[in-house]
Amino acid sequence: MRSFVRRAGRTTRAQARALVELGPRFVLPYRPHPLDPQAVFGRRAPLILEIGFGMGEATAQIARSRPDEDFLGCEVHEPGVGALLKRIGELALTNVRIVQHDAVEVLQHMIAPQQLDGVHIFFPDPWHKKRHHKRRLIQPPFVALLTSRLKPGGYVHCATDWQPYAEQMLEVLSAEPKLANASSDPTLGGYAPRPGYRPPTKFEQRGLRLGHGVWDLIFRRRDE
């Protein structure tokens with residue numbers, strides 16, 4: 001399992017400056033042993049993992065609106081890391097840290113079982129072609145790993161604008177025995193209304209204007 005595919009991208013001067021000036025404080029080195037969130041953030045608070053935060057705008061907005069929670073973002077692409085660091089500086093955020101590494105290995109080695117209060121996976125690569133579907137992140141082995149890192153009652157929130165991937169997400173998440181669908185609206189077919197904490201992206205807003213759909217899925221780990 002891998003959570004990403006390498007892609008080209010140019011780091012701007014502002015992003016490069018943020019990497020130099022803020023990276024030492026907010027970017028954590030990948031280490032193959034469990035993270036101590038209290039030591040990293042300087043407090044004890046709910047911990048939310050975001051996988052593949054892109055350019056980090058949603059991450060920054062959510063962290064700003066939920067100051068009593070801590071956010072750990074995984075992203076391998078340097079321009080995105082630089083962009084989020086820039087927003088951290090602009091918004092004076094203290095509750096965000098970044099690991100520039102494959103999220104699967106982070107989950108396997110840096111996150112202890114039942115350590116996470118939530119996981120965000122917003123608009124992962126849908127891999128449109130059928131022969132590439134096996135590369136999609138939301139697959140049974142990955143969901144099983146993810147679930148093992150959630151506390152009982154902890155949640156996983158996925159969002160996608162590609163309906164076939166939404167259908168696969170719903171099927172895979174529903175098949176995980178330790179997860180329960182948090183959506184209680186029977187008219188939504190198992191999907192959830194967009195929570196107020198998830199800001200719509202510019203791409204999403206454009207798509208909605210054009211009549212494209214967006215699907216949110218929220219599942220919680222069952223109490224044991």
Side-chain angles (χ1 to χ4, degrees), residues 1-7 9 11 15-64 66-67 69-125 135 137-139 141-151 154-159 198:
M1 295 185 294
R2 293 185 75 186
S3 66
F4 71 97
V5 171
R6 292 284 182 189
R7 64 177 185 268
T11 303
Q15 292 164 0
R17 184 166 58 249
L19 285 161
V20 171
E21 295 177 355
L22 299 175
R25 178 179 176 189
F26 293 101
V27 178
L28 307 177
Y30 168 75
R31 291 193 188 2
H33 56 73
L35 182 76
D36 181 352
Q38 188 172 359
V40 167
F41 291 95
R43 65 176 183 174
R44 190 182 300 275
L47 180 63
I48 311 298
L49 174 70
E50 181 170 4
I51 295 174
F53 56 73
M55 301 307 284
E57 184 58 36
T59 312
Q61 291 189 43
I62 293 171
R64 186 184 192 186
R66 294 163 62 172
E69 296 170 277
D70 292 330
F71 294 85
L72 179 66
C74 284
E75 178 59 65
V76 298
H77 303 290
E78 188 169 281
V81 174
L84 178 53
L85 286 169
K86 182 173 176 287
R87 292 298 282 148
I88 287 172
E90 292 168 346
L91 299 174
L93 299 175
T94 60
N95 61 333
V96 180
R97 298 294 185 273
I98 298 167
V99 179
Q100 192 174 351
H101 196 80
D102 177 26
V104 173
E105 292 190 350
V106 171
L107 279 166
Q108 289 173 330
H109 304 298
M110 289 187 72
I111 304 298
Q114 300 190 22
Q115 188 172 38
L116 298 174
D117 293 88
V119 178
H120 296 166
I121 307 174
F122 299 151
F123 304 99
D125 193 328
R135 300 182 183 180
L137 181 62
I138 305 303
Q139 306 278 1
F142 176 75
V143 170
L145 171 63
L146 197 64
T147 303
S148 73
R149 270 43 181 175
L150 284 173
K151 296 177 182 176
Y155 71 92
V156 54
H157 177 187
C158 300
R198 184 180 75 75

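This is a predicted model, so every value here is computed, not measured.
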CA sep, side-chain torsions, deciding dist, call: L93, F71, side chain to side chain contact (heavy atoms under 4.5 Å, CB included): CA-CA 11 Å; L93 299 175; F71 294 85; over 6 Å; no
Measure the shortest side-chain to side-chain distance between V143 and V156 over non-hydrogen atoms and say whether it is less than 4.5 angstrom. no
d(D102 CG, H109 NE2) to nearest 0.5 Å is 9.5 Å
Is it true that a side-chain atom of R149 and a backbone atom of Q108 form a donor plus acceptor pair closer than 3.5 Å? yes
How far does CE of M55 sit from NE2 of H77, to the nearest 0.5 angstrom? 11.0 Å
Please test H120 against Y155 for ring-ring contact (aromatic ring centres under 6.0 Å, His included), starting from the C-alpha separation and ending with a verdict. CA-CA 9 Å; H120 296 166; Y155 71 92; 5.6 Å; yes
Mind checking whether L47 and F41 have side chains closer than 4.5 Å, heavy atoms only? yes
Pairs touching residues 80-95 that satisfy salt bridge (charged side-chain N to carboxylate O under 4.0 Å, His left out), sequence neighbours left out: E57-R87, K86-E90, R87-E90
Shortest non-hydrogen pair, C74 vs A103, comes out as CB-CB, 3.9 Å
Test: R43 and D70 ion pair at under 4.0 Å: yes
Does R64, at its CZ atom, have more than 12 non-hydrogen atoms belonging to other residues, nucleotides or ligands within less than 6.0 Å? no
Measuring only between side-chain heavy atoms, which start at C-beta, is E78 closer than 4.5 Å to L19? yes
Any side-chain heavy-atom pair from L72 and I111 closer than 4.5 angstrom? yes
Kindly indicate, with the supporting measurements, whether the criterion side chain to side chain contact (heavy atoms under 4.5 Å, CB included) is fulfilled by T59 and I98. CA-CA 11 Å; T59 312; I98 298 167; over 6 Å; no
Which atoms form the tightest heavy-atom contact between L91 and A60, and what is the distance? CD1-CB, 4.0 Å
What about H157 and F122, are their ring centers closer than 6.0 Å? yes
Of all heavy-atom pairs linking A16 and T11, the shortest is N-CG2, 3.6 Å
Audit row: L107, L146, side chain to side chain contact (heavy atoms under 4.5 Å, CB included) steps and yes/no: CA-CA 7 Å; L107 279 166; L146 197 64; 3.7 Å; yes
Looking at every heavy atom in both D117 and K151, which two are closest together, and how far apart are they? OD1-NZ, 3.2 Å
Atom pair CG (L22) and CD1 (I88), whose distance is rounded to the nearest 0.5 Å: 7.5 Å
I51 versus F142: any side-chain heavy-atom pair under 4.5 Å? yes
Return the minimal non-hydrogen interatomic distance between A159 and P124, and the atom names on each side. O-CD, 3.5 Å
Return the set of residues passing side-chain contact (heavy atoms from CB on, under 4.5 Å) with A58 (not counting sequence neighbours), or none when no residue passes. P199
Minimum heavy-atom distance between E69 and N95, given as atom pair plus value: O-ND2, 2.9 Å
Test log, rule side chain to side chain contact (heavy atoms under 4.5 Å, CB included), inputs V40 and D36: CA-CA 6 Å; V40 167; D36 181 352; 5.6 Å; no
For residues 16-26, the side chain to side chain donor-acceptor pair (under 3.5 Å) pairs (sequence neighbours left out) are none
Quick one: are Y30 and V106 in side-chain contact, heavy atoms under 4.5 Å? yes
So do P37 and Q115 actually touch side chain to side chain, heavy atoms under 4.5 Å? yes
